[in-house]
Amino acid sequence: MMTLIALSLLITGPLLAQDAEEGSTAAEVEAVEEAPAEEAAEEEAVEDTPALLRDEVNALWTCLAAFLVFFMQAGFALVEAGFTRAKNACNIIMKNLLDLSVGSLSFWMIGFGLMFGASNGWFITDTSFFFFDGSSDAALELSSEPFNWAFLIFQTVFCATAATIVSGAVAERTKFTGYIAYSILICVIVYPIFGSWGWGSLYAGEGWLEKMGFYDFAGSTVVHSIGGWAALAGAIVIGPRIGKYTKDGNVKPIPGHNIPLAALGVFILWLGWFGFNAGSTTSVDGGGFAFIAVTTNLAAAAGSVGALITSWILFKKPDPSFALNGALAGLVSITAGCDAMSPAFAALAGLLGGVLVVFSVVFFDKLKIDDPVGAISVHGVCGAWGTLAVGLFMTDGGLVTGGGAGQLTTQFIGVGAGFIWAFGTSMIIFLAIKYTIGLRVSAEEEMEGLDITEHGMYAYPPHLVSESTSTGKAG
């Protein structure tokens, strides 16, 4: 028996050893075959890391810029409240709040899709971007998910800016319900459709103005003039405030109640504009945002000086309200070409914008178009000027080359199209609101103040409201 076991071990032992050796060899071969595949995957991941990191950083920068533009809403609220009477301060705050609130909702639901969805150059051809989802297949075909969400919030606050420009021009006599109706419609019709003509290729289709070569980097026309011309339509339809113009045609100043409050608003807007202009790069590549920050700041400073000197010459005093408005005029004037003008030309564009805004405010007063905060002049007129300035001052010193007669002609076409579209559609909308739900409060409500009649409260104790006599012309 023992002999049989020994013979068995002598026979099977070498066979088992051979099987083990063959198994080990097969495992080693398999491991060697898998190694190149794993190494290739690791190398591919390493190669993708810079691209992924760049996308994340660009999304972060775009979000930070959006937050700065969001803060501009506070600036607009303070400017408008300061340059109007104390009895309407709550109403001003509520309108700016609702511009942002209903604007965010309506732009996400419809406006973004109209502006950046696939289009034929004039209007969208599908509704894929309605109720926008940055993780959808349609969105992921264009960019990464983080950037999709960043781009949405950035464009949302731009839309809210266009909407809130109208608020100041129709201040102190507009029904709250009528204003909300218009605010929704500018966010879903007026702003997005023109935006698709000028900016559609930022994300999806290419608008007809873009195909012509129209250049508006951060929105002198796409945002500011559109809001300004809409404000002009609203001011015409609603009419002037009671007591603004005398029977013999003279202008009777209606002072604002708090110039320091308005000044704080201007400084907030100046800060936010670095997000507005420099953030429009939506990228940190190349450091272009730093150059844009410089041109933006120079234009604002020059605009303030230009308005100060002009008002000093015309009215014999250095008027704070015009100097503050001049800074905003300079900012609007550089917005279209902030990446395409040299620092010297940026300062010149801002300086001329500051001069222009003073004459524009006086001009509209002579036409008896009552704009309590100067929104039409600051945003509409200076937005048009800033867009034309691209054709005049675009140089090799910026990030874009070109200019000349051809570019200037194209810029004129873009400015004209913006006026026709925004003024025309807004006039129709305001008239429709006027003859349906109503646009203007009664004379009694206007005299008492919209804070108490529309909202049931005062921003300040009643005795301060009745005694408010601070000065201010525009905003």
Begin with the C-alpha distance, continue with both residues' side-chain angles, and end with the deciding distance and a verdict on ring-ring contact (aromatic ring centres under 6.0 Å, His included) for Phe116 and Phe151.
CA-CA 11 Å; Phe116 294 110; Phe151 191 72; 5.1 Å; yes
Step-by-step salt bridge (charged side-chain N to carboxylate O under 4.0 Å, His left out) determination, Glu80 to Lys95:
CA-CA 10 Å; Glu80 293 173 22; Lys95 287 194 297 182; 5.8 Å; no
Start with the C-alpha gap between His224 and Trp273, add the side-chain angles, then the distance that decides, and say whether ring-ring contact (aromatic ring centres under 6.0 Å, His included) holds.
CA-CA 12 Å; His224 294 283; Trp273 231 285; 5.0 Å; yes
Evaluation steps, ring-ring contact (aromatic ring centres under 6.0 Å, His included), between Trp229 and Trp421:
CA-CA 9 Å; Trp229 302 141; Trp421 170 256; over 10 Å; no
Take Asn277 and Phe289, measure what side chain to side chain contact (heavy atoms under 4.5 Å, CB included) needs, and give me the verdict at the end.
CA-CA 8 Å; Asn277 284 2; Phe289 63 91; over 6 Å; no
Is there a side chain to side chain contact (heavy atoms under 4.5 Å, CB included) between Val237 and Leu439 once you walk through the steps?
CA-CA 9 Å; Val237 172; Leu439 188 61; 3.8 Å; yes
Evaluate the side chain to side chain donor-acceptor pair (under 3.5 Å) criterion for residues Thr164 and Asp99: first the C-alpha distance (whole Å), next the side-chain angles of each, then the deciding distance (0.1 Å), finally the verdict.
CA-CA 6 Å; Thr164 207; Asp99 283 331; 2.9 Å; yes
List the steps and the verdict of side chain to side chain contact (heavy atoms under 4.5 Å, CB included) for Glu446 and Arg241.
CA-CA 8 Å; Glu446 183 177 341; Arg241 291 167 291 175; 3.5 Å; yes
Might you work through the side chain to side chain contact (heavy atoms under 4.5 Å, CB included) test for Phe83 and Leu324, ending with a clear yes or no?
CA-CA 11 Å; Phe83 282 137; Leu324 291 168; 4.1 Å; yes
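Taken from CH2 in Trp208 to CH2 in Trp122, the straight-line distance is 4.5 Å, to the nearest 0.5 Å. The distance from the CG atom of Asn148 to the OG1 atom of Thr62 is 11.0 Å, given to the nearest 0.5 Å. The distance from atom OG of Ser167 to atom CE of Met94, rounded to the nearest 0.5 Å, is 11.5 Å. The OG atom of Ser311 sits 10.0 Å away from atom CZ of Phe359, with the distance rounded to the nearest 0.5 Å. Note that OG1 of Thr387 is 6.5 Å distant from CD of Gln411, once rounded to the nearest 0.5 Å.
Remark: side-chain polar atoms of Ser183 are not paired, donor with acceptor, to backbone N or O of Tyr179 under 3.5 angstrom. Under the 3.5 Å distance criterion, the side-chain polar atoms of Arg440 are matched with a main-chain donor or acceptor of Gly239. In this structure, the side chain of Thr295 engages the main chain of Cys338 through a donor-acceptor pair within 3.5 Å. Looking at Thr296, its side chain never comes within 3.5 Å of a backbone N or O of Phe274 through a donor-acceptor pair. Side-chain atoms of Ser106 never come within 3.5 Å of backbone atoms of Cys187 as a donor-acceptor pair (strictly under, hydrogens ignored). At least one donor-acceptor pair under 3.5 Å links the side chain of Thr310 to the backbone N or O of Gly306. Remark: side-chain polar atoms of Lys87 are paired, donor with acceptor, to backbone N or O of Met447 under 3.5 angstrom. At distances below 3.5 Å, not a single donor-acceptor pair connects side-chain atoms of Thr174 with backbone N or O atoms of Ala171. No donor-acceptor pair under 3.5 Å is formed between the side chain of Ser304 and the backbone N or O of Ala301. The backbone N or O of Ile376 lies less than 3.5 Å from a partner atom in the side chain of Asp371, making a donor-acceptor pair.
Within a 6.0 Å sphere centred on CZ of Phe130, heavy atoms belonging to other residues, nucleotides or ligands number more than 12. Other residues, nucleotides and ligands place more than 12 heavy atoms under 6.0 Å from the CE atom of Met109. Residue Phe412 qualifies as open at atom CZ: its count of foreign heavy atoms under 6.0 Å is 12 or below. Within 6.0 Å of CZ on Phe423 lie more than 12 heavy atoms contributed by other residues, nucleotides or ligands.
A 4.5 Å side-chain heavy-atom check between Phe276 and Phe158 finds at least one atom pair inside the cut-off. Contact of the Gln155 side chain with the Phe107 side chain is registered, since non-hydrogen atoms from C-beta on lie closer than 4.5 Å. Between Leu209 and Phe194 the shortest side-chain heavy-atom distance falls below 4.5 Å. Taking 4.5 Å as the limit, every side-chain heavy atom of Ile238 sits out of range of all side-chain heavy atoms of Phe430. Side-chain contact between Thr425 and Leu185 is absent, with no heavy-atom pair separated by less than 4.5 Å. Here the side chains of Tyr191 and Met115 are in contact, with some heavy-atom distance below 4.5 Å. When side chains are defined from C-beta on, Met457 counts as touching Cys90, because their heavy atoms get closer than 4.5 Å. Looking at Val361 and Phe322, their side chains come closer than 4.5 Å, going by heavy atoms from C-beta outward.
Of all the heavy atoms in Gly383 and Ser225, the pair that sits closest is C-OG, 3.2 Å. The minimum heavy-atom distance between Lys244 and Pro240, with the atom names listed, is CB-CB, 4.4 Å. The minimum heavy-atom distance linking Trp149 with Gly134 is given by the pair CH2-N, 3.0 Å. Nearest heavy-atom pair, Leu202 versus Glu210, reported as atom, atom and distance to 0.1 Å: N-OE2, 4.3 Å. Between Ile236 and Met427 the shortest heavy-atom distance is CG2-CE, 4.3 Å. When all heavy atoms of Cys382 and Ala329 are compared, the pair lying nearest together is SG-CB, 3.6 Å.
Judged by distance alone, the side chains of Gln407 and Thr410 never bring a donor and an acceptor atom under 3.5 Å apart. Using a 3.5 Å distance cut-off with no hydrogens or angles, the side chains of Thr281 and Trp61 do pair a donor with an acceptor. A donor-acceptor pair shorter than 3.5 Å can be found between the side chains of Tyr245 and Asp365. Between the side chains of Asn88 and Glu172, at least one donor N or O sits under 3.5 Å from an acceptor N or O. For Ser426 and Tyr182, the side-chain atoms include at least one donor-acceptor pair closer than 3.5 Å.
Between Phe267 and Trp270, the two ring planes are parallel [angle under 30°; tilted spans 30° to 60°].
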